[in-house]
Amino acid sequence: MTAEEPQPSGVGLVLPVLRAERRALGLLLMWSLLGVTPVLLSGRLIAFAMDRGFLAGSGAIGLGALIGYGLAMVLGTLANRQAVSHMAAIVEPLRDHLLRWSVRGGLHGVVRSGQDSSTGAVSRITTQVEKVRQILSGLLLSASSVGFTLVAALIGVLTLAPVVGLLMVPVLAAAGLAVAGLSRVWKRRYERSLAAEEELGACADEVLNGLRDVLACDARERAFEGVERVSRADARASAAVGDVGGLRAGVVGLGARAPLVLLLVLAPWLVSSGQLTPGELLGAATYLVSGLEPALRTLVQTVGNMGLELGTVLGRLARYGAIPDRSPGGSMALDRFELELAQVTFRYGPHSRPVLNRADLRIEHGEHVVIVGPSGIGKSTLVSVLTGLEPVESGEVRLGGLPLTSLREPWLRSTVALIPQQTYVFAGTVRENLCYLAPDATDDELAQTVLALGLDELVSVHGGLDGELTSGALSEGERQLVALARVHLSPARIVVLDEATCHLDAYAEARAERAFARRPGTLIVIAHRISSAQRSQRVLMLDENGLQSGTHGTLLRRSSTYANLVGAWNRQHRGRPSSGITPAANSVRRTRR
Ligand SMILES: Nc1ncnc2c1ncn2[C@@H]1O[C@H](COP(=O)(O)OP(=O)(O)OP(=O)(O)O)[C@@H](O)[C@H]1O
């Protein structure tokens, strides 16, 4: 399968196998046709047994006709058994075909994107393929037998009692129209309920996978409320399916029974006017009761539901098996990581002033950029928008040329890491805390990160990498160092520090920034000290006029706001060197809680 191959639809997946197995399909249809012989003969034999046998005073002829009916039923059962054996000849190759196709495509996506565990993807695909096999075997069998039963019952009625057949047509047509309308509503609701079910699964997954974060941030209540809200929506969606399903079952029941009721109401007139003999009346009733009514019910409820379910599952399989597209929103890894804002406007409320107003910005992959600006101007908001944490009012935020909204959330979160001012450490070993975002990190990588961020003292004080860490025993600066090390070790391509070094002294802050600047990828820092801007490749200045970009030197000349900020900072720190910064000061401020 290549990227140029057309992607088959759900039905397109099944058709090649049905074509290849047309001999088995033909035999299945032939045996199913033979299987409905008892239905075709039932009314005629009953009418014959009554008119020529029991009512004519010849019990032997009546009994003979009934025995003939019994034999036809035995033959019908044998024919149906044959049909089942040909079913296997179709569904087994179909299962192999679907598995080959979807596992190949699914694994391809997993390998290229690294987004999901391969075992998870394969087991999900296998479950769906097994579901298709079960539904399809049931569907083929029911559809062929129900279809033939219906046709046989209709032919029987029309040939035995044409007047009854003609009277039935408008009743059945009205019921058919009502059922078709309700089925469309049912299908829409069923699809909505599947979507709600998927959302519930994803929500529960997210909470379970992030249980540690939930506990560490004391967000149990919020997580519970989130799951409860989605779970209620799922229950409502299922109930809505049930409501319309019940109504449709009622209409089907009425529609299927109406011809029999009509026959019974008109029976005196049909017999007295000589339209039907009593035997023919009973024969017509037999066609309606044992053929038409059950066939109609099965057709609508079983075959209709199975068909819809099959279409949905096949549609999903087609998605799994499709060769990944270019978007990480699909399953392909992205190889460009430049961040862009294109005419972005953002405000917190419909009536509040826009924090960003038609802002344009491009940050190349690998750049080290520092954002500065007066307090409350919107620096944190800018990075929230850039990282997709806040949706924009207008314009577009892009990563690698693709809108952030088209990217899969887990992929985005593992590619872009934002460290806020408030960080947390969870109960566990030093290693568990540091490797949280990089479970496969080697001891060598760990040692490099520990050294680069100056965490060696903290690690040795706690008894090495396998010593226990407790959040309460750490200063805020130490907690920030742990959070920084976690992201430093992670595979994130873009790291955003939102005053994430504010509790470190100037020396530790400079060391942390240098460690991140050496790390491959983009570094965006909201400056806590102006010294950060001096170290960066580019400074982004945000003020009421919008965004300006330049080096520390060019902005000092061009932007009065920037010059004022630098002046204010210098006055505040007069007497201290701007990189204030000596190894002696290499201790994080121990602001214990
Ligand atoms: N969740 C929110 N809801 C409503 N308004 C908000 C919200 N968060 C921030 N704001 C407002 O948006 C504006 C920009 O805030 P933001 O935190 O982005 O500024 P900042 O430049 O990062 O500030 P600081 O330097 O003080 O951290 C401020 O007026 C702030 O009051």
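As the structure lists them, so they are numbered: ligands from 1, and atoms in each ligand from 1. Starting from 1, each residue takes its place in the sequence as its number. Being a predicted model, the structure only gives us computed values, none of them experimental.
- Nearest protein heavy-atom contact of atom 1 (N) of ligand 1 is Y348 CE2, 3.6 Å.
- Aromatic ring centres of F516 and H368: separated by at least 6.0 Å.
- At a distance under 4.0 Å, a protein heavy atom can be found next to atom 8 (N) of ligand 1.
- Distance remark: protein heavy atom not present below 4.0 angstrom from atom 30 (C) of ligand 1.
- Remark: minimum distance from atom 20 (P) of ligand 1 to any protein heavy atom is reached at K379 N, 3.5 Å.
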Please report the C-alpha distance between E228 and R232 in whole Å, then the side-chain angles of each, then the deciding distance to 0.1 Å, and finally whether the salt bridge (Lys or Arg N to Asp or Glu O under 4.0 Å) criterion is met. CA-CA 6 Å; E228 200 188 21; R232 280 215 201 97; 3.1 Å; yes
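- The backbone N or O of T345 lies less than 3.5 Å from no partner atom in the side chain of R358, so there is not a single donor-acceptor pair.
- Shortest contact from atom 16 (P) of ligand 1 to any protein heavy atom: T381 OG1, 3.6 Å.
- Taking the centre and axis of the six-membered ring of F337, the NZ or CZ atom of R398 falls outside the cone set by 45° and 6.0 Å.
- At the top of the distance list for atom 19 (O) of ligand 1, counting protein heavy atoms only, stands G378 N, 3.1 Å.
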Working for side chain to side chain donor-acceptor pair (under 3.5 Å), residues Q421 and D498: CA-CA 6 Å; Q421 199 172 332; D498 184 355; over 6 Å; no
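- Of the listed residues (S352, G349, S380), the one carrying the non-hydrogen atom nearest atom 17 (O) of ligand 1 is S380.
- R189 and D243 are not joined by a salt bridge, as no carboxylate oxygen comes within less than 4.0 angstrom of a charged side-chain nitrogen.
- Taking distance alone, with nitrogen or oxygen atoms compared against 3.5 Å, G376 approaches ligand 1 more closely than that limit.
- Between R362 and E364, at least one side-chain nitrogen of the basic residue sits less than 4.0 Å from a carboxylate oxygen of the acidic one, meeting the salt-bridge criterion.
- Protein heavy atom nearest atom 26 (O) of ligand 1, with residue, atom name and distance: S375 OG, 2.8 Å.
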